[in-house]
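All figures in this text were calculated on a predicted structure; none of them were measured in a lab. If you read the sequence from its start, that first residue is 1, and numbering goes on from there.
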Amino acid sequence: MALPPRQPDHEIDPLFIERRSPRAFTGEAVPEVELLRMFEAARWAPSAYNSQPWRFLYALRGTPDWQVFFDLIVPGNQKWVKDTGAIVILISNSQMKVGDELKPSWSHSLDAGAASANFQLQAIRQGWHAHGMTGFDRERAIGVLNVPDTYRVEAAYGIGRMTDPEDYSEEQKTKESPTGRRPITDFVFAGGFKPIEA
């Protein structure tokens, strides 16, 4: 069973439509060297004043940290995260240094999002998938993972090798079909903002 292809309305690099968030993983461990390559891609994301406010915290399957990270995930997501090879939590610093001065960062979440996109796209290039989620206990993560006060917990990711669609269960067949997107006319406006119907 081949998954239906996504169809962009304008010509773009296939990488962008290959990126998806599956919930069907093989259980294969992610070698640390593979994960570090994904973080290397995140390293080169743009950020205000080159502040690089993102921090990636991770646990590899089979290590003592795995259960600590896994326990932060909500039960509905644990059903599929259990078959990933790494769990990553992204945080960003709400303050940045400008010269010798510490100032609030207006764009720390945006900058972390850029790093997240690089991270996820590099995962695809390496034959892995990263499923981002907000379904985890952010408050507990702060204490359990020693997140400093000036940092915001942004997102969690399950990283793994996607199951071959031929091996999907009946439930997975209905849930794993690649999703489409709204047309760019819904969110791109020449000139000022124009309201659209939701």
For Gly135, is there any backbone N or O sitting under 3.5 Å from a side-chain donor or acceptor partner on Asn77? yes

Arg138 side chain to Thr134 backbone, donor-acceptor under 3.5 Å: yes

Transitively linked via ILVMFWY side-chain contacts under 4.5 Å: Phe136 with Val68? yes

Are Met96 and Leu102 close enough that some pair of their side-chain heavy atoms sits under 4.5 Å apart? no

Shared hydrophobic cluster, Leu90 / Leu60 (ILVMFWY, side-chain heavy atoms < 4.5 Å): yes

Ring centroid separation His108 to Trp54 under 6.0 Å: no

Is it true that atom OH of Tyr49 has more than 12 heavy atoms of other residues, nucleotides or ligands lying nearer than 6.0 Å? no

Is there a donor-acceptor pair closer than 3.5 Å between any side-chain N or O of Gln78 and the backbone N or O of Phe70? yes

Quick one: CG on Asn93 to OG on Ser109, what's the gap to the nearest 0.5 Å? 11.0 Å

Interatomic distance, Glu154 atom CD to Phe56 atom CZ [nearest 0.5 angstrom]: 10.0 Å

Heavy-atom closest pair, residues Asp83 and Lys79: OD2-O, 4.3 Å

Taking the six-membered ring where the residue is Trp, are the ring centres of Tyr157 and Phe119 under 6.0 Å apart? yes

Within this structure, what is the OH-CD1 distance for the pair Tyr58 and Ile159, rounded to the nearest 0.5 Å? 12.5 Å

Closest approach of Gln52 to Asn50 (non-hydrogen atoms, all atoms of both residues): NE2-OD1, 2.8 Å

For the side chain of Arg61 and the backbone of Ile87, is there at least one donor-acceptor N/O pair under 3.5 Å apart? no

Any chance you could measure Trp80, atom CH2, to His131, atom NE2, to the nearest 0.5 Å? 4.0 Å

Any donor-acceptor pair under 3.5 Å linking the side chain of Ser47 with the backbone of Ser51? yes

With rounding to the nearest 0.5 angstrom, report the CD1 to CZ distance, Ile142 to Arg152. 10.0 Å

Shortest non-hydrogen separation from Ala112 to Ser92 and the atoms involved: CB-CB, 3.7 Å

Euclidean distance, Gln126 CD relative to Leu121 CG, rounded to 0.5 Å: 11.5 Å

After noting the C-alpha distance and the side-chain angles of Val81 and Met133, does the key distance pass the side-chain contact (heavy atoms from CB on, under 4.5 Å) rule? CA-CA 10 Å; Val81 172; Met133 65 191 125; 3.7 Å; yes

Evaluate side-chain contact (heavy atoms from CB on, under 4.5 Å) for Phe39 paired with Val88, printing each intermediate quantity in order. CA-CA 10 Å; Phe39 294 142; Val88 173; 4.1 Å; yes

Is atom CD of Glu139 surrounded by more than 12 heavy atoms (other residues, nucleotides or ligands) closer than 6.0 Å? no

Cluster link Leu145 to Leu35, ILVMFWY, side chain under 4.5 Å: no

Is it true that Arg37 and Glu40 make a salt bridge, defined as a side-chain N closer than 4.0 Å to a carboxylate O? no

List the steps, then state whether side-chain contact (heavy atoms from CB on, under 4.5 Å) holds for Arg55 with Tyr151. CA-CA 9 Å; Arg55 302 293 182 269; Tyr151 283 77; 3.4 Å; yes

Do Gln122 and Asn118 pass the side-chain hydrogen bond (donor to acceptor under 3.5 Å, both in side chains) test, and can you show the C-alpha distance, the side-chain angles, and the key distance before you say yes or no? CA-CA 6 Å; Gln122 180 63 32; Asn118 281 16; over 6 Å; no

Could you walk me through whether Thr26 and Met162 satisfy the side-chain contact (heavy atoms from CB on, under 4.5 Å) test, starting with their C-alpha distance in whole Å, then the side-chain angles of each, then the deciding distance to 0.1 Å, before giving a yes or no? CA-CA 6 Å; Thr26 63; Met162 189 173 80; over 6 Å; no

For the hydrophobic clusters of this structure (ILVMFWY residues joined by side-chain heavy atoms under 4.5 Å, transitively), does one cluster hold both Val30 and Leu57? no

Residues Trp128 and Glu34: closest non-hydrogen pair is NE1-OE1, 2.8 Å

Out of curiosity, does Leu72 fall in the hydrophobic cluster containing Val147 (side-chain heavy atoms, cut-off under 4.5 Å, transitive links)? yes

